[in-house]
Amino acid sequence: MYLWVFQHSIFFSGVGSYPDELNSVQQQAVMCKDGPIMVIAGAGSGKTRVLTYRIAQLIKTQVNPFSILALTFTNKAAREMKERVVQIVGGTDAQNVWIGTFHSIFARILRIEADKIGYPSNFTIYDTIDSKNQIKAIIKEYGLDDKVYKPGLVLNRISLSKNNLITPLLYSEDIMIQKEDQQSNKPRLGEIYQTYVNRCFNAGVMDFDDLLYNMNYLLTEIPEVLHKFQHKFQYILIDEFQDTNLLQYSIVKKLAALNENICVVGDDAQSIYAFRGANIQNILNFQKDYQDLQVYKLEQNYRSTKNIINAANCVIKKNNQQLHKEVWTHNEEGELLTVLKALTDNEEGRQVAHSIFDSKVNYQLFNKDFAILYRTNAQSRAMEEALRKINIPYRIYGGLSFYQRKEVKDLLAYFRLTINNKDEESLKRVINYPARGIGNRTVEKIMVAAEETNRSMWEIMANLKKHPIPISSAAESKVLDFVSKIKSYSFQAGTENAYKLAELIASSSGILKDLYDNQSPEALSKYENLQELLNGIKEFAENWHKNNLDGESDDFKGPYLSDFLQDIELLTDSDVGDPNDNDKVSLMTIHAAKGLEFPFVYIVGLEENLFPSQLAVNSRSEIEEERRLFYVALTRARKKVFLSYATSRYRWGNLIYCEPSRFMEEIDSKYLSFPDSLDGPPMNRGPQRSINWFRKKPKSTKTTHGHIPSPLKKSLVQLHKVAKKDNQDFEYDDTKGLQVGMEVEHQRFGFGKVLHLEGVLPNQKATVFFSSAGQKQLLLKYAKLKIIEN
DNA sequence: GTATTATCTAAGTCT
DNA sequence: TAGATAATAC
């Protein structure tokens, strides 16, 4: 409380402006309190700063934090915004502002209002994998060819329809759409769409798009809800407005219709989600829809060097479709952008890794100062391997997240089924895992019965006694066992603490045992992942208690399992960071990098048909989107950009030759440097050569940077020691002369004793007993065992 | 109904 | 290359 007063007194002493923190345009955008406002914010021009100070300023002028709504696209952006508001106005007020992603805020509202549109408030959420599986099942039932009706494409089309407010009915009535589907030989897409929507509804489930779609539906169909939230949210702020689609815009417009206190911030040059229905048109429409709109342009960049800004401007200039804007900076000129050329994708990885190593030493930087950005997730592997080889810690954002791993999804499916018995994808996932004798035939019959009666599979299963279906009595009793097991979980979900129940489910469902009994290394790591998930729940429960102490601290046992599910359902793994251990190189797609900044940025895979993507090269508008993507990538960097490409790479399992990306050529060469190839790492060099290369100062840094910092030598020696140690331990196979009875060490299983040997050398197999992991059969050429003693 | 093996085929970006 | 699916054996 004291803190709160203190913070506010500082505030009021500032007479309401922030000359030290904000430039004049930023100040105007912050101080202009009421009415519609649009801020066109160039890259690095302090857009988040405007948003956060604006929220602070609103609170300062006595606006109730509960009536401020700030919407972002990513959890990360939301979290950062919240943190920064906390810094300015203090904890309590900031916590009360509704800051979140479109999806999470709407999910929160829908939980409260779900019954008004026929959903249970405990609805569960399908992620993309679940949605695809559901669609796959429908395609199969219809007897259609899933090579024509590719589930991913079908989902895409359904998603785009929802985001453009096209219902299944409108879809099947639209002549253009029907013609399109006929031409692409997929006339039954509309039917699939309708069935998919029905199934989700019957299962009490929403997919990502439904969270938006149903929010809009709620506001359209239930006037009392519309009025409630129109009155509640007096001030609305939207981040990354250029990425909103029609559906999102429709919702926002409805919410803001009463007060018209809406502030949108965006940059058309950074619109990179048109493929998902994002509509640049929204920016233009906004000007039409709000006649008394105030527009502010932020053009001064505070992030990057002149060279980077100039290079980025060269690129974006090639686009026809754009609002006029001139981004400029007062920052230093900085270094030229360095172009790296490699022969293969793996070589590219090596060069980038070595260049990072080198820059780290030359400029005395941390790992976390570097980011490697790529167009597609598949490119991360070469980078990972190279970084691992020279022992540079890294962290991958995106890709297959923790929550998308099979074993994690399996356990979560039990949780989801516990909370929402009707959740069909979760049901199908675990009904026979671990194996309990309910086979495909039985499941199919349940699905048929569900389809015929327009009910969920669960309802069929739970009413087997009253409404039998043609399955064997053995199968029936197994199904009933399963039903009663889930029912007992569901019962406990209302009384039991999340962590306790989660543990109970993990063990009594048999998942943990199944993995434990299977002694393969894969199962071991899956087992560990589940333990990690359980630990996560434990931590969640503990934090939850801390955060809710002031509230209902009576003898409340919560949080419940449903609280945990709601907390994680919309998380992606970029949200599961470990804050204590964050000195790591970041690897991510450019899409994921939007809104972030790093001192040194490596943009890799700059090749035709990769970046720009081959799927985009045939249309002007898609090429422009790729170009904006490149613009986003360039403007992530503060100090220096490296552009790299390979002249060949493996794709679809075979080697293809690549040409440098057109985007590189669009940068005026006066902003580029091409290091003499002799100075770069030579191809196929052995470990000896690479060490020499490290020691030699590369030309690129020699010409642009004056001196080598003095601790260079020391760090070099240290880093090499680490790298070497790692290699010696497990890279070399020194199991020649391995005999029964010897003590060995394995990278994962630790110490063990050889019980048995069979086969001859290239394929020799050993049976080893490990104290920590039990008995294993290992192929020597893969296991990389190390002999400890005889 | 279950487990193992063989074959296939997919790889664009996110909530 | 790896994960998913189909085919096969048990």
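No experiment lies behind these values; they were computed from the predicted model shown. Only this structure's heavy atoms are used, side chains among them; waters, hydrogens and symmetry mates stay out. Letters go in sequence order (proteins before strands), and every chain restarts at 1.
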Classify the nucleic acid contact of [X] as base, sugar-phosphate or nothing, counting any heavy atom under 4.0 Å across all strands shown.
X	answer
A:T128	base
A:F102	nothing
A:N432	sugar-phosphate

Whole-Å distance between [N] [atom2] and [X] [atom1]?
X	N	atom1	atom2	answer
A:E384	C:dT1	CD	C1'	14 Å
A:K445	B:dG1	NZ	C1'	13 Å
A:Y397	B:dT15	OH	C1'	18 Å
A:L155	B:dG12	CG	C1'	14 Å
A:Q566	B:dT15	CD	P	20 Å
A:K478	B:dT2	NZ	P	7 Å
A:Q379	B:dT13	CD	C1'	12 Å

Pick out the pairs of N or O atoms, protein on one side and nucleotides 2-9 of chain C on the other, that lie under 3.5 Å.
from, atom 1, to, atom 2, distance (Å)
C:dT5, OP1, A:K136, NZ, 3.2

* Asked: Is the base of B:dG12 touched by the side chain of A:Q614 through a donor-acceptor pair closer than 3.5 angstrom?
  -> no
* Look at the side chain of A:R276 against the base of B:dT13 and say whether a donor-acceptor pair falls under 3.5 Å; ignore hydrogens and angles. => no
Taking only residues two or more places apart in sequence, or in another chain, which ones meet [X] in a side chain to side chain contact (heavy atoms under 4.5 Å, CB included)?
X	result
A:K478	A:I438
A:A70	A:I55, A:M81, A:I99, A:L237
A:N133	A:I129, A:K136, A:E425, A:R429

* Structure fact -> Applying ring pair (Phe, Tyr, Trp, His ring centres under 6.0 Å) to A:Y126 and not counting sequence neighbours gives none
* Asked: Is there a residue in residues 437-444 of chain A whose heavy atoms reach under 4.0 Å of DNA chain B, and which residues are they?
  -> A:G437, A:G439, A:R441, A:T442
* Structure fact -> On DNA chain B, more 5' by nearest nucleotide between A:H591 and A:K150 is A:K150
* Asked: Between A:S613 and A:F208, who's closer to the 5' end of DNA chain B by nearest nucleotide?
  -> A:S613
* Would you please determine if the base of B:dT15 is stacked by A:F73, with stacking meaning a centroid separation under 5.5 angstrom and planes under 30 degrees? => no
* Over 12 foreign heavy atoms within 6.0 Å of NZ, A:K409 -> yes
Could you give the side-chain donor-acceptor pairs of residues 244-251 of chain A under 3.5 Å, partners two or more places apart or in another chain?
from, atom 1, to, atom 2, distance (Å)
A:T244, OG1, A:F241, O, 2.7
A:T244, OG1, A:N282, ND2, 3.1
A:N245, OD1, A:L247, N, 3.1
A:N245, OD1, A:Q248, N, 2.9
A:N245, ND2, A:N163, OD1, 3.1
A:Q248, OE1, A:N245, N, 2.9
A:Y249, OH, A:D289, OD2, 2.8
A:S250, OG, A:N216, OD1, 2.8
A:S250, OG, A:K254, NZ, 3.0

* **salt bridge (charged side-chain N to carboxylate O under 4.0 Å, His left out) contacts in which one or both residues fall within residues 149-166 of chain A, not counting sequence neighbours** => A:R157-A:E180, A:R157-A:D181, A:K162-A:D207, A:K162-A:D210
* Could you name each residue pair satisfying salt bridge (charged side-chain N to carboxylate O under 4.0 Å, His left out) that touches residues 606-621 of chain A, not counting sequence neighbours? => A:E607-A:R649, A:E608-A:R662, A:R620-A:E624
* Report yes or no: is the cationic atom of A:R628 (NZ for Lys, CZ for Arg) closer than 6.0 Å to the six-membered ring centre of A:F630, at no more than 45° off its axis? => no
* Under-4.0 Å side-chain N/O to phosphate OP1/OP2 contact, A:T589 with B:dC14 -> yes
* Asked: Picking from B:dT13, B:dG12, B:dT15, which would you name as closest to the side chain of A:H103?
  -> B:dT15
* **A:S131 and A:Y196 side chains, donor-acceptor separation under 3.5 Å** => yes
